[in-house]
Peer 1: 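Got a structure for you, written out below as structure tokens; questions coming shortly.
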Amino acid sequence: MKKFAIIPNNTKDIDYKYTKKLCGYLKGKAETVMSCRDKKSGIDTLYSDDALYADTDAVIILGGDGTMLQVAEPCGKNAIPVMGINLGRIGFMTEVETDDMESACDKLISGDFKVEERMMMEICITHSDGRAESFIALNDAVISKCDSKMVSLELLVNGEDVSKYIADGLIISTPTGSTGYSLSAGGPVADPTMSLFIATPVCAHMLSARPMLMSDHKNIVLRLENSGSHAAYVLIDGEERCSIGIDDVISIKKSKYSFKIIKLGKQSFYYTMMAKL
């Protein structure tokens, strides 16, 4: 590998301390490129927005899992593997600690690593006026109330009624997202290399509401019912994307894209889970 896109999180990497160290170490060993918004860092590197992911062998992020989610869609669509340097608190996806980033870069350059593929999902929202919006997610899609009323949601799988939820919201997550918001809402932990959907209600107002696992071969449809709030927010990987109404339809299916995480060490997901949860 000879060209890396460097994506720092300057709220965690104050004054680009670790980014400068990383780019300095890579100078003369590999070509690096950063977004134009980071020019203020003063780092001696290439800067580009249009070509940030063009002809890039790998992306290196410095931050936490949230920073990883920010690059999930472009990296997934361009089939670019990502290495995470952990500057966050937990860091399920950011395997490399700052003390080890130089040796990690050596392994990256020499090709001494494995790539772990993670399922992504496609979310299509069809509005009552015919507008359609499409998103790609690595972690989850959350349908959440936007007023004081509960949301009443109907869940259909391959056209068949499966469940109704009266709750503050509903999370549809991938196995990667199972250790995020879904876990805090009482959902199960899934091995991130699996391929399935997890439906987890948020503060359900019904004793029968339980998390549900669904095959990745199924098409999931969500609709608001008249008995609850007449509007809700849709958040994709933690970012609010749009609002929906009673006659809008959310369709979720497995994406044709996958997210590729660079694995350098021998630490398993189970080791990480036991150490960090």
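Keep in mind that this is a model prediction, so the values were computed, not measured.
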Peer 1: Please name all residues satisfying salt bridge (Lys or Arg N to Asp or Glu O under 4.0 Å) with Lys260, sequence neighbours left out, ordered by chain then number.
Peer 2: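 Checked Lys260 against salt bridge (Lys or Arg N to Asp or Glu O under 4.0 Å); matches are Glu117.
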Peer 1: Cut-off 3.5 Å, no hydrogens considered: what does the side-chain donor-acceptor table look like for residues 61-69, sequence neighbours left out?
Peer 2:
from  : atom 1 : to    : atom 2 : distance (Å)
Asp65 : OD1    : Phe92 : N      : 3.3
Asp65 : OD1    : Met93 : N      : 2.9
Asp65 : OD2    : Phe92 : N      : 2.9
Thr67 : OG1    : Asn9  : ND2    : 3.1
Thr67 : OG1    : Gly64 : N      : 3.4

Peer 1: Is there side-chain contact between Ile246 and Glu225, with at least one heavy-atom pair below 4.5 Å?
Peer 2: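 A side-chain contact is absent here, since even the closest heavy-atom pair is not under 4.5 Å.
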Peer 1: Can you tell me how far the CG atom of Leu153 sits from the CG atom of Leu224, to the nearest 0.5 Å?
Peer 2: 5.0 Å
Peer 1: Taking C-beta and beyond as the side chain, do Tyr18 and Ile85 meet within less than 4.5 Å on heavy atoms?
Peer 2: no
Peer 1: Does Leu26 reach the side chain of Ile6, with side-chain heavy atoms less than 4.5 Å apart?
Peer 2: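 Answer yes - side chains close enough.
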Peer 1: What's the shortest heavy-atom distance between Cys105 and Leu22, and which atoms?
Peer 2: SG-CD1, 3.3 Å
Peer 1: What is the distance from atom OG of Ser178 to atom CD1 of Ile171, rounded to the nearest 0.5 Å?
Peer 2: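 Atom-to-atom, Ser178:OG and Ile171:CD1 are 11.0 Å apart.
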Peer 1: Out of curiosity, Ser35 OG to Leu52 CG, how far, rounded to the nearest 0.5 Å?
Peer 2: 6.0 Å
Peer 1: Give every donor-acceptor pair under 3.5 Å between a side-chain atom in residues 195-207 and any protein atom, sequence neighbours left out.
Peer 2:
from   : atom 1 : to     : atom 2 : distance (Å)
Ser195 : OG     : Asp216 : OD2    : 3.0
Ser195 : OG     : Lys254 : NZ     : 3.2
Thr200 : OG1    : Ser182 : OG     : 2.9

Peer 1: Holding to side chain to side chain donor-acceptor pair (under 3.5 Å), I want the full list of residues that pass it with Thr176, two or more places apart in sequence or in another chain.
Peer 2: Arg118
Peer 1: Taking side chain to side chain donor-acceptor pair (under 3.5 Å) as the definition, give me every residue that meets it alongside Lys164, ordered by chain and number, with sequence neighbours left out.
Peer 2: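 Per chain and number, Lys164 pairs via side chain to side chain donor-acceptor pair (under 3.5 Å) with no residue.
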Peer 1: Step through the shown structure and confirm whether more than 12 heavy atoms of other residues, nucleotides or ligands are within 6.0 Å of NZ on Lys27.
Peer 2: no
Peer 1: Go through the structure and list residues passing side chain to side chain donor-acceptor pair (under 3.5 Å) with Thr32, not counting sequence neighbours.
Peer 2: Thr45
Peer 1: Using a side-chain heavy atom cutoff under 4.5 Å and only I, L, V, M, F, W and Y, what cluster partners does Leu156 have?
Peer 2: Val221, Val249
Peer 1: Tell me, please, which residues at least two apart from Tyr47 pass side chain to side chain donor-acceptor pair (under 3.5 Å).
Peer 2: Ser41
Peer 1: Might you confirm whether atom NZ of Lys218 has over 12 heavy atoms from other residues, nucleotides or ligands at distances under 6.0 Å?
Peer 2: no
Peer 1: Mind checking whether Ile60 and Met101 have side chains closer than 4.5 Å, heavy atoms only?
Peer 2: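 They are not in contact (no side-chain heavy atoms under 4.5 Å apart), so the answer is no.
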Peer 1: For Asp161, is the CG atom crowded, meaning more than 12 foreign heavy atoms sit under 6.0 Å from it?
Peer 2: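 Enclosed: over 12 neighbouring heavy atoms sit under 6.0 Å from CG of Asp161.
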Peer 1: Do Asp140 and Ser173 get their side chains close enough for a donor-acceptor pair, meaning under 3.5 Å?
Peer 2: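 Side-chain D/A pair, Asp140 to Ser173: absent.
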Peer 1: Could you check if a side-chain atom of Leu222 sits within less than 4.5 angstrom of a side-chain atom of Tyr165, using non-hydrogen atoms only?
Peer 2: no
Peer 1: Would you call Val162 and Met214 a side-chain contact if the rule is heavy atoms closer than 4.5 Å?
Peer 2: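 Side-chain contact under 4.5 Å: no.
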Peer 1: Hey, could you give me the NZ/OG distance between Lys77 and Ser255, rounded to the nearest 0.5 Å?
Peer 2: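 Going from the NZ atom of Lys77 to the OG atom of Ser255 covers 8.5 Å.
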Peer 1: Between atom CZ of Phe269 and atom OG1 of Thr193, what is the distance when rounded to the nearest 0.5 Å?
Peer 2: 9.0 Å
Peer 1: Only one of Val96, Asp106, Asp100 forms a side-chain contact (heavy atoms from CB on, under 4.5 Å) with Leu264, so which one is it?
Peer 2: Val96
Peer 1: Any non-hydrogen side-chain atom of Pro8 less than 4.5 Å from a side-chain atom of Tyr16?
Peer 2: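 Contact flag for Pro8/Tyr16 side chains = yes.
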Peer 1: Does Glu239 have any salt bridge (Lys or Arg N to Asp or Glu O under 4.0 Å) partners at least two apart in sequence or in another chain, and if so, which?
Peer 2: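 Glu239 satisfies salt bridge (Lys or Arg N to Asp or Glu O under 4.0 Å) with Arg241 only.
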Peer 1: If you round to the nearest 0.5 Å, how far is NZ of Lys149 from CG of Asp168?
Peer 2: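 Interatomic distance, Asp168 CG to Lys149 NZ, rounded to 0.5 Å: 14.5 Å.
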Peer 1: Can you name the salt bridge (Lys or Arg N to Asp or Glu O under 4.0 Å) partners of Lys253, sequence neighbours left out?
Peer 2: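 Lys253: no salt bridge (Lys or Arg N to Asp or Glu O under 4.0 Å) contacts found.
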Peer 1: Name every donor-acceptor pair, under 3.5 Å, that has one atom in a side chain of residues 119-136 and the other anywhere in the protein, sequence neighbours excluded.
Peer 2:
from   : atom 1 : to     : atom 2 : distance (Å)
His127 : ND1    : Asp248 : OD2    : 3.3
His127 : NE2    : Glu133 : OE2    : 2.7
Asp129 : OD1    : Arg131 : N      : 3.0
Asp129 : OD1    : Arg131 : NE     : 3.4
Asp129 : OD2    : Arg131 : NE     : 2.9

Peer 1: Please say whether more than 12 non-hydrogen atoms of neighbouring residues, nucleotides or ligands are located less than 6.0 Å from NZ in Lys39.
Peer 2: no
Peer 1: Closest approach of Ala58 and Ile80, non-hydrogen atoms and distance?
Peer 2: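 Here Ala58 and Ile80 meet closest at CA-CG2, 3.7 Å.
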Peer 1: With sequence neighbours excluded, tell me which residues meet salt bridge (Lys or Arg N to Asp or Glu O under 4.0 Å) with Glu31.
Peer 2: none
